[in-house]
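Quick note: residue numbers are just sequence positions, from 1.
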Amino acid sequence: MDQRAAMLKIENHKPSLNKLDALIIFGNFIFCPVFFPLGILRVIFTHRRNSRKAINFRFINYQLVAIFFALTLLLWWGVIENPEVKEDFILVIVVLGIFFIIPMLVIQLLEWRARDRFRKLMRIYHEALCIYNLRKIDRIAGTVGQPTQRVHEDLTYMMEHQLLPDGDVGEGSVWFEQALVEEADNNVITTVDDDVNVAYRGTQAASPMMKRQLQAN
């Protein structure tokens, strides 16, 4: 895969909610006292994954939207039953909207920040694998400053979403199909995992950030 096209694909990638997320969000619309705590528990148990951080913030916001609409419909039903409180209904909805919008804006900012961080991390992963030709997960983990388990999860995610060439993430290393390995070898830079020495084999250069991180290791 062309390096520029690969980086563009990473930049345009937006992690998406899965079916369980959608089910919990819909459940908040039906009965939020049960489903909102379930959603928070899901966030707590999955937030350690770099690929889930931005999704979790969006997931919380969608839950808040579902709860807001559920409360609005509930209050509107009260207005139908008692029309003389219509003016109070409008005031309550405005106050309720402000109450929900403020935390949602903060959470949205956190989502953007988490998404940018993960994109930056994925770019470094791609350079480590496809430019510097690193294969050992512990070496990559030392380069990016992440635990090996996180690196394994991140690389698996990138493989599943076709953000890396076809291959597999094993217990301690990453491998690509042979044709793609040869393409990577002819690309820019190769390095042997057991040797920090870097040999330039092309005209392109890796990002300064990646160079600094490899030199630091």
Side-chain angles (χ1 to χ4, degrees), residues 5-126 146-147 149-164:
M7 290 298 178
L8 183 61
K9 189 173 183 179
I10 290 174
E11 286 296 320
N12 293 332
H13 178 70
K14 183 178 180 180
S16 57
L17 300 168
N18 58 32
K19 293 180 180 179
L20 180 57
D21 296 327
L23 178 63
I24 294 175
I25 291 169
F26 181 75
N28 277 278
F29 184 79
I30 302 299
F31 194 59
C32 61
V34 170
F35 283 92
F36 187 72
L38 287 177
I40 296 302
L41 285 175
R42 175 161 173 75
V43 169
I44 292 172
F45 287 120
T46 62
H47 205 65
R48 63 180 179 81
R49 300 179 189 172
N50 292 318
S51 60
R52 278 291 308 187
K53 293 184 186 298
I55 300 175
N56 281 339
F57 288 126
R58 193 187 326 153
F59 176 56
I60 293 172
N61 261 353
Y62 284 176
Q63 287 189 95
L64 293 176
V65 170
I67 293 172
F68 174 77
F69 278 107
L71 292 175
T72 300
L73 288 176
L74 187 63
L75 292 171
W76 178 248
W77 181 260
V79 171
I80 293 176
E81 295 292 324
N82 193 7
E84 59 268 19
V85 299
K86 185 175 182 179
E87 292 183 1
D88 294 334
F89 165 77
I90 296 174
L91 178 62
V92 170
I93 290 300
V94 171
V95 173
L96 195 63
I98 295 173
F99 178 79
F100 274 82
I101 285 175
I102 293 175
M104 287 176 64
L105 289 175
V106 174
I107 293 171
Q108 182 63 59
L109 292 175
L110 292 174
E111 180 194 341
W112 289 338
R113 183 182 180 186
R115 190 190 308 166
D116 288 342
R117 285 183 172 182
F118 187 49
R119 282 175 178 167
K120 180 179 178 181
L121 189 58
M122 288 194 294
R123 289 197 299 269
I124 297 174
Y125 284 139
H126 191 278
Q146 292 282 324
Q149 181 62 31
R150 298 289 181 277
V151 173
H152 190 282
E153 293 170 351
D154 293 343
L155 295 179
T156 300
Y157 176 89
M158 292 181 71
M159 288 280 190
E160 291 174 349
H161 290 81
Q162 299 181 335
L163 299 174
L164 286 172

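- Of all heavy-atom pairs between P37 and C32, the closest is CD-O, 3.5 Å.
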Working for side chain to side chain contact (heavy atoms under 4.5 Å, CB included), residues L121 and Y125 | CA-CA 6 Å; L121 189 58; Y125 284 139; 3.5 Å; yes

Cut-off 3.5 Å, no hydrogens considered: what does the side-chain donor-acceptor table look like for residues 21-28, sequence neighbours left out?
residue: D21; atom: OD1; partner: R42; partner atom: NE; Å: 2.6
residue: D21; atom: OD1; partner: R42; partner atom: NH2; Å: 3.3
residue: D21; atom: OD1; partner: R52; partner atom: NH2; Å: 3.4
residue: D21; atom: OD2; partner: N18; partner atom: N; Å: 3.1
residue: D21; atom: OD2; partner: R52; partner atom: NH1; Å: 3.0
residue: N28; atom: OD1; partner: F36; partner atom: N; Å: 3.1
residue: N28; atom: ND2; partner: I24; partner atom: O; Å: 2.8
residue: N28; atom: ND2; partner: Q63; partner atom: OE1; Å: 2.9

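- When the shell of 6.0 Å around CZ of R113 is examined, it contains 12 or fewer heavy atoms from other residues, nucleotides or ligands.
- Residues satisfying the side-chain hydrogen bond (donor to acceptor under 3.5 Å, both in side chains) criterion with R150, sequence neighbours excluded, are absent altogether.
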Using a 3.5 Å cut-off and no angle test, enumerate the donor-acceptor pairs between side-chain atoms of residues 69-80 and protein atoms at least two apart in sequence or in another chain.
residue: T72; atom: OG1; partner: F68; partner atom: O; Å: 2.8

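- Interatomic distance, NZ of K53 versus CZ of R48, reported as 9.5 Å (0.5 Å rounding).
- With sequence neighbours excluded, the residues satisfying side-chain hydrogen bond (donor to acceptor under 3.5 Å, both in side chains) with H13 are Y157.
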When you look at K120 and R123, which way does the side chain to side chain contact (heavy atoms under 4.5 Å, CB included) test go after all the steps?
-> CA-CA 5 Å; K120 180 179 178 181; R123 289 197 299 269; 3.7 Å; yes

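- For Y62, there are no side-chain hydrogen bond (donor to acceptor under 3.5 Å, both in side chains) partners, not counting sequence neighbours.
- Between A54 and E111, the shortest heavy-atom distance links the atoms O-CG, 3.4 Å.
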Run the numbers on L109 and L105 for side chain to side chain contact (heavy atoms under 4.5 Å, CB included), then give the verdict.
-> CA-CA 6 Å; L109 292 175; L105 289 175; 5.8 Å; no

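- For the atom pair M158 CE and S51 OG, the distance stands at 11.0 Å (nearest 0.5 Å).
- In this structure, CD1 in I40 is found 11.0 Å from NE2 in H47, a value given to the nearest 0.5 Å.
- Rounded to the nearest 0.5 angstrom, L110 CG and R58 CZ are separated by 13.5 Å.
- Considering only residues two or more places apart in sequence or on other chains, T46 meets the side-chain hydrogen bond (donor to acceptor under 3.5 Å, both in side chains) condition with N56.
- Taking CG of L163 as the start and NZ of K9 as the end, the distance is 6.0 Å to the nearest 0.5 Å.
- With hydrogens and angles disregarded, no donor-acceptor distance shorter than 3.5 Å links the side chain of N50 to the backbone of F118.
- In this structure, CE on M7 lies 13.5 Å from CZ on R119, to the nearest 0.5 angstrom.
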Test side chain to side chain contact (heavy atoms under 4.5 Å, CB included) applied to I90 and I93, step by step | CA-CA 5 Å; I90 296 174; I93 290 300; 5.8 Å; no

